[in-house]
Amino acid sequence: MPSYKAPVEDVLFLLNDVLGFHRYDNLRGFSDASPDVMEAVLNEGAKLAETVLAPLNAVGDREGCTRHPDGSVTTPQGFKAAYNAYAGGGWMGLSMPEAYGGQALPHTLNTAIQEFASGANLALGMYPGLTQGAMAALLVHGSEEQKALYLPKMVEGAWTGTMNLTEPHCGTDLGLLKTKAVPNGDGSYSLTGTKIFISAGEHDLSENIIHLVIARIEGAPAGTKGISLFVVPKVLVNADGSLGARNPVSCGSLEHKMGIHGNSTCVMNYDGAKGWLVGQENRGLNAMFVMMNEARLAVGVQGLGQSEVAYQNAVAYAKDRLQGRALTGAKAPEKAADPIIVHPDVRRTLMGIRAFNEAARALVLWTALQADIGHRSDDATERQAAEDHMGLMTPVVKGVLTDRGFANAVEAQQMFGGHGYIEEWGMSQFVRDARIAMIYEGANGIQAMDLIGRKLPKDGGRAMMSFLGEVQTFLKDHGEDEGMTPYVVPLQAGLNDLQGATMWFMQNAFTKPDNAGAGATDYMHLLGLVAMGYMWARIAKAALARQAEAASDAMAAKLVVGRFYMERMLPETATRLVRIKAGAETTMALGAEAF
């Protein structure tokens, strides 16, 4: 049976040594996260993930969710008790304001806990994860009355949350939605329509589910300019916060899907359900984007979580499985064969996954830290820079980490040979569960187009110029440091490729937009490679500093893994650049009938 161990030590190293977490004690909530508190929070979160969530991962996969004739849904055995442990431990409101019952600790810590939950049990971790996204949207765009009515119970975990976007006839193109909202004359609206692929849309974990639903008010403009956002509770809430009548919103069916069987993916029917406008009329996408961006970052964390748990189990198997002899002579002569971890190709696979995981974790935590700065800093310049970073890196975190997370789950499965294809070993579940992360919250091709079409040119390219400048400054500052040479020289080459790709788009995409479309995915991955290369350079700097204080096997290992990334993974930027410069001519040459 697969196992999972939360990477607490790596998170602490990244926060303390690489990112300088406690340099930000001037931000609200950071002074409460002292080193002792931070370590205690991470250790308790790890304990929950390892002992409560992880043992139910295979259970959820086998049992799935069950819809009953009355439309109710029950989750797999043990899920409700595990959810209660999560909610009862205060994890739902870890970074939420104290005014609503939260602990107001940094979002960065919550992000680390999200990785633990995603690695331990992705399907179960989605229930609180979606609720946190819904809370974030209400916190920013909800009225004071809405926040007071819904947030305390959601922070408590007594109520959960969802977001309802997709409809049978439209996925990413939300301007085509048909769900309509009719004013009731009392400030509420009557919503009618069908939503599909709604994660956690109906279940038995909480007494109420607060749905955030996009719909079009009668007479609203066509397209995305006429979309509004509504809060639609499963059970209506009285003015005093008590539960009232059942709202006519129901689960019509459960989707039969490839993975995440323990999460209830629902077709939701709104049959004149009562809802209330969130934010401004016809400005629903602005409000929903708060939740969508939160979800996109969380999905990137899911990709990392699945990559990490798959890696851990592949390493354990590679150390135990005996097959063949090392090319340089027997390493375990007392045994019938050597463990497969002696073989270079096995090590190539494992090192590649590990090098990705550690850099991706750093990128995730760095981006989460920027989110904290953007929400908590009193300095307008700091907030602007943080928001620029978030805008640029959100599609990268979502797209690159889920693409690679799935690929790494497959690579880890390969380590098991035929056993990896057998369900009892659990590796196929990681592959199946990881696959959805590339699709939902905006398929990864859409993330790449968003990066090229919106994020890159925004504000005259200010965010990209800031990132390029930061990396270049780091390279200049450490260019003469001999210990950093194995990291600085390859990173400079990767940065040059990124600058070359950016310049090529500027010169070739405006006159021929297909050039941008054809190269978007390669550009997203090129930026991801450089961003993770920058993370490895910063990790190496911190590891060298630790080594200078006292020899450490852990830091020595990090330096080796970082060199592997620089030597064998970062050079992929050159290939990505060649593809981008090839343009769109052959991609678009054939007529549709020729396919």
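Side-chain atoms of D61 and H261 include a donor-acceptor pair closer than 3.5 Å. With 3.5 Å as the limit, one finds a donor-acceptor pair spanning the side chains of S72 and D70. T162 and N164 share a side-chain donor-acceptor pair at under 3.5 Å. Side-chain N/O atoms of N515 and N508 include no donor and acceptor closer than 3.5 Å. There is no side-chain donor-acceptor pair under 3.5 Å between S118 and Q302. Between the side chains of H107 and T111, at least one donor-acceptor pair of N or O atoms lies under 3.5 Å. Judged by distance alone, the side chains of W276 and Q146 never bring a donor and an acceptor atom under 3.5 Å apart. Residues H389 and S466 bring no donor and acceptor atom of their side chains to less than 3.5 Å of each other.
Side-chain contact between Y127 and L205 is present, with at least one heavy-atom pair separated by less than 4.5 Å. You'll find the side chain of L243 stays beyond 4.5 Å of the side chain of N238, heavy atoms only. Looking at heavy atoms from C-beta onward, V278 lies out of side-chain contact with F230 at the 4.5 angstrom threshold. In this structure, V235 and W159 have side chains that are not in contact, with every pair of non-hydrogen atoms separated by 4.5 Å or more. The closest side-chain heavy-atom distance from Y100 to M135 is not below 4.5 Å. Within the 4.5 Å cutoff, no side-chain heavy atoms of V400 are placed close to those of L527. N444 has its side chain within reach of K398: a pair of non-hydrogen atoms, C-beta onward, lies under 4.5 Å apart. Taking the side chain as every heavy atom from C-beta outward, L229 and L277 never approach each other to under 4.5 Å.
With hydrogens and angles ignored, the 3.5 Å screen pairs a side-chain donor or acceptor of R216 with a backbone N or O of P221. In this structure a side-chain-to-backbone donor-acceptor pair under 3.5 Å is present from D240 to S242. Side-chain atoms of S264 do not come within 3.5 Å of backbone N or O of C65 as any donor-acceptor pair. Side-chain atoms of S307 never come within 3.5 Å of backbone atoms of G303 as a donor-acceptor pair (strictly under, hydrogens ignored). Between the side chain of K455 and the backbone N or O of A448, no donor-acceptor pair lies under 3.5 Å. One N or O on the side chain of N121 and one on the backbone of L124 form a donor-acceptor pair closer than 3.5 Å. Proximity of a side-chain donor or acceptor of N247 to a complementary backbone N or O of K274 within less than 3.5 Å is detected. With hydrogens and angles disregarded, no donor-acceptor distance shorter than 3.5 Å links the side chain of E156 to the backbone of A87. Using a distance-only test at 3.5 Å, with no hydrogens or angles considered, no donor-acceptor pair links the side chain of R383 to the main chain of G374. Using modelled atom types, one side-chain atom of Q447 and one backbone atom of G442 make a donor-acceptor pair closer than 3.5 Å.
Between atom CG of residue L105 and atom CG of residue L94 there is a gap of 5.0 Å, rounded to the nearest 0.5 Å. With values rounded to the nearest 0.5 angstrom, M449 atom CE is found 11.5 Å from R454 atom CZ. The distance from atom NE2 of H169 to atom OG1 of T194, rounded to the nearest 0.5 Å, is 9.5 Å. For the atom pair Q132 CD and I113 CD1, the distance stands at 10.0 Å (nearest 0.5 Å). The CZ atom of F79 lies 8.5 Å from the CD atom of E63; values are rounded to the nearest 0.5 Å. Annotation: the span from D433 atom CG to N57 atom CG amounts to 6.5 Å, rounded to 0.5 Å.
Listed here is the closest heavy atom pair of A215 and L191: CB-CD2, 4.1 Å. For the residue pair A273 and V249, the shortest heavy atom distance occurs at CB-CB, 4.2 Å. Considering every non-hydrogen atom in both A463 and D388, the closest pair reads CB-O, 3.5 Å. The heavy-atom pair separating L149 from V237 by the smallest distance is CD1-CG1, 3.7 Å. A pairwise comparison of heavy atoms in T179 and I214 identifies CB-O, 4.1 Å as the closest pair. Between F356 and N408, the shortest heavy-atom distance links the atoms CD2-ND2, 3.2 Å.
Annotation for Q280: atom CD does not count as buried by contact number, only 12 or fewer foreign heavy atoms lying within 6.0 Å. Within a 6.0 Å radius of CD in E585, no more than 12 heavy atoms belonging to other residues, nucleotides or ligands are found. In this structure, K178 places its NZ atom where only 12 or fewer heavy-atom neighbours from other residues, nucleotides or ligands lie under 6.0 Å away. With a 6.0 Å radius and a threshold of 12 heavy atoms from other residues, nucleotides or ligands, K225 has its NZ atom at or below the threshold. By the 6.0 Å contact criterion, NE2 on H68 is enclosed, its count of non-hydrogen atoms from other residues, nucleotides or ligands being greater than 12.
Remark: aromatic rings of F505 and Y523 are close, center separation under 6.0 Å.
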Audit row: H203, T160, side chain to side chain donor-acceptor pair (under 3.5 Å) steps and yes/no: CA-CA 10 Å; H203 54 77; T160 54; 3.1 Å; yes
Kindly indicate, with the supporting measurements, whether the criterion side chain to side chain contact (heavy atoms under 4.5 Å, CB included) is fulfilled by F406 and T402. CA-CA 6 Å; F406 172 72; T402 59; over 6 Å; no
For ring-ring contact (aromatic ring centres under 6.0 Å, His included), just list the numbers for Y440 and F197, CA-CA rounded to whole Å, side-chain angles, deciding distance to a tenth of an Å, and then say yes or no. CA-CA 9 Å; Y440 59 15; F197 306 152; over 10 Å; no
Starting from the C-alpha separation in whole Å, work towards a yes-or-no answer on side chain to side chain contact (heavy atoms under 4.5 Å, CB included) for Q114 and V364. CA-CA 11 Å; Q114 284 182 328; V364 160; over 6 Å; no
Between L254 and T265, does the side chain to side chain contact (heavy atoms under 4.5 Å, CB included) criterion hold? Intermediate values first, please. CA-CA 6 Å; L254 289 176; T265 306; over 6 Å; no
Is there a side chain to side chain contact (heavy atoms under 4.5 Å, CB included) between C251 and M268 once you walk through the steps? CA-CA 5 Å; C251 170; M268 299 299 296; 4.2 Å; yes
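Pairs of residues two or more places apart, or lying in two chains, never qualify as salt bridge (Lys or Arg N to Asp or Glu O under 4.0 Å) while including a residue from residues 290-302. Sorted by first and then second residue, the pairs that involve residues 195-205 and meet salt bridge (Lys or Arg N to Asp or Glu O under 4.0 Å), not counting sequence neighbours, are E167-K195, E202-K234.
Ionic pairing of D378 and R28 is present here: one or more N-O contacts between side-chain nitrogen and carboxylate oxygen are shorter than 4.0 angstrom.
Shown here are the side chain to side chain donor-acceptor pair (under 3.5 Å) partners of K153, two or more places apart in sequence or in another chain: there are none.
Below 30°, between 30° and 60°, or above 60°: for F467 and Y534 the angle between ring planes is above 60°, a perpendicular geometry.
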